[in-house]
Number of protein chains: 2
Amino acid sequence: MGTQYQGTKAEIQALATYIKLVRATESVSNRIHRHLATTGLTASQFGVLEALLHLGPLMQRQLAEKLLKSGGNITMVIDNLEKRGLVKRDRQAEDRRCITVCLTPEGEQLIQNLFPTHVAAVLAEMSSLTESEQEELGRLCRQLGKRE
Amino acid sequence: MGTQYQGTKAEIQALATYIKLVRATESVSNRIHRHLATTGLTASQFGVLEALLHLGPLMQRQLAEKLLKSGGNITMVIDNLEKRGLVKRDRQAEDRRCITVCLTPEGEQLIQNLFPTHVAAVLAEMSSLTESEQEELGRLCRQLGKRE
DNA sequence: AGATTTTTGTTAGATGTCAAACTATTCAAT
DNA sequence: ATTGAATAGTTTGACATCTAACAAAAATCT
């Protein structure tokens, strides 16, 4: 059994490109995050810590936007980071709806130590491409992501 | 607060390209799968049905490989598809460890109806790029995914 | 044949993820 | 000022996802 899809040339091209894009991104991301396993951090938790390190304290809403995740999801990720003592929640006095999330000293220590390894992993992965190929890839991705 | 990362040019380039790749892939995938919401199917369930449609009945292990997911995960996705009566499990007589998953008539009907919409969505997304840009993107992705 | 290893699938426990319903608080408009 | 709309977080329920531990069956080895 198994039906082969009969489509136009443009459809077949689009499908093939899309599959390659998704596969490559998954493979690369998985390899880049592999080193996190030893730290007990998940990719999402790492993402939050990294954002806080480079952008400073943020509200949960802002974190959700940066990381393209839902608000409910961020609540849980922050919960788990807070349990481990890596971040702290601070309800704001000016607007009591808002909660600012910031790194604890332990959290900052951890992400500071981890980040260079992350950069090295990203560099290693992207080294499959030359500098100008990376630029071209970036350009194509920007083009793709545009609309909405 | 907020520390800016001081890295070499190559590191900064690699990080920027990686971010763009991940963001673009997420955006495009989310938009492509948006139409599934009306059907109550998840992206994973759609992936299984599509694989079964185009490749015919498969063992769970093969599905896990095709979709790059863990065996435990496939068990649950198939469970949920089976509850809805879209697929059927068949224990094999020759090798009683193996279970072959195949589409039920309802499942085949559904995926047959859905697939053209999916193709149209993929085509629409990829139309941000010209044909030769898509080829180039595919080439760069293949290059990236290589190692392991 | 009998013991060991490998393969296939399931289960358990933890985290992630979303959408939708809900609470609390602030803002806006009449 | 009271009401109504918008915003920030939380909770809930369902599904996804992984790893690790498990069970059953088959393959391999001695």
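Throughout, a chain's letter reflects where its sequence line sits, starting with A, and its residues are numbered from 1.
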Quick tally for nucleotides 13-19 of chain D: nucleotides whose base has a protein heavy atom under 4.0 Å get B, sugar-phosphate-only ones S, the rest -, giving --SBBBB
Nearest whole Å is fine: how far is D:dA23 P from B:Arg91 CZ?
15 Å
Can you tell me which residue pairs pass the side-chain hydrogen bond (donor to acceptor under 3.5 Å, both in side chains) test with a partner in residues 61-79 of chain A, sequence neighbours excluded?
A:Asp79-A:Arg89
How large an angle, rounded to 10°, do the end axes of the helix from C:dA1-D:dT30 to C:dT30-D:dA1 enclose when each is built from five base pairs?
10°
Once you apply a heavy-atom cut-off of 4.0 Å, does A:Glu94 come out as touching a base, just sugar-phosphate, or nothing?
sugar-phosphate
Start with the C-alpha gap between A:Arg84 and A:Leu41, add the side-chain angles, then the distance that decides, and say whether side-chain contact (heavy atoms from CB on, under 4.5 Å) holds.
CA-CA 10 Å; A:Arg84 284 187 55 178; A:Leu41 285 180; 3.7 Å; yes
Check the pair B:Val122, B:Met126 against side-chain contact (heavy atoms from CB on, under 4.5 Å), reporting the backbone distance first and the verdict last.
CA-CA 6 Å; B:Val122 172; B:Met126 300 310 287; 4.1 Å; yes
Rounded to whole angstrom units, what separation is found between the CD1 atom of A:Ile74 and the P atom of C:dT15?
16 Å
Test salt bridge (charged side-chain N to carboxylate O under 4.0 Å, His left out) on A:Arg23 and A:Glu26; report intermediate values, then the result.
CA-CA 5 Å; A:Arg23 293 268 170 145; A:Glu26 275 180 11; 5.7 Å; no
Which nucleotide in the list C:dG9, D:dT10, D:dG9 gets nearest to the side chain of B:Arg61?
C:dG9
Of the candidates D:dT10, C:dT10, D:dA24, the side chain of B:Arg97 sits closest to D:dA24
Of the options D:dG9, C:dT10, D:dA25, whose atoms approach the side-chain atoms of A:Ile99 most closely?
D:dG9
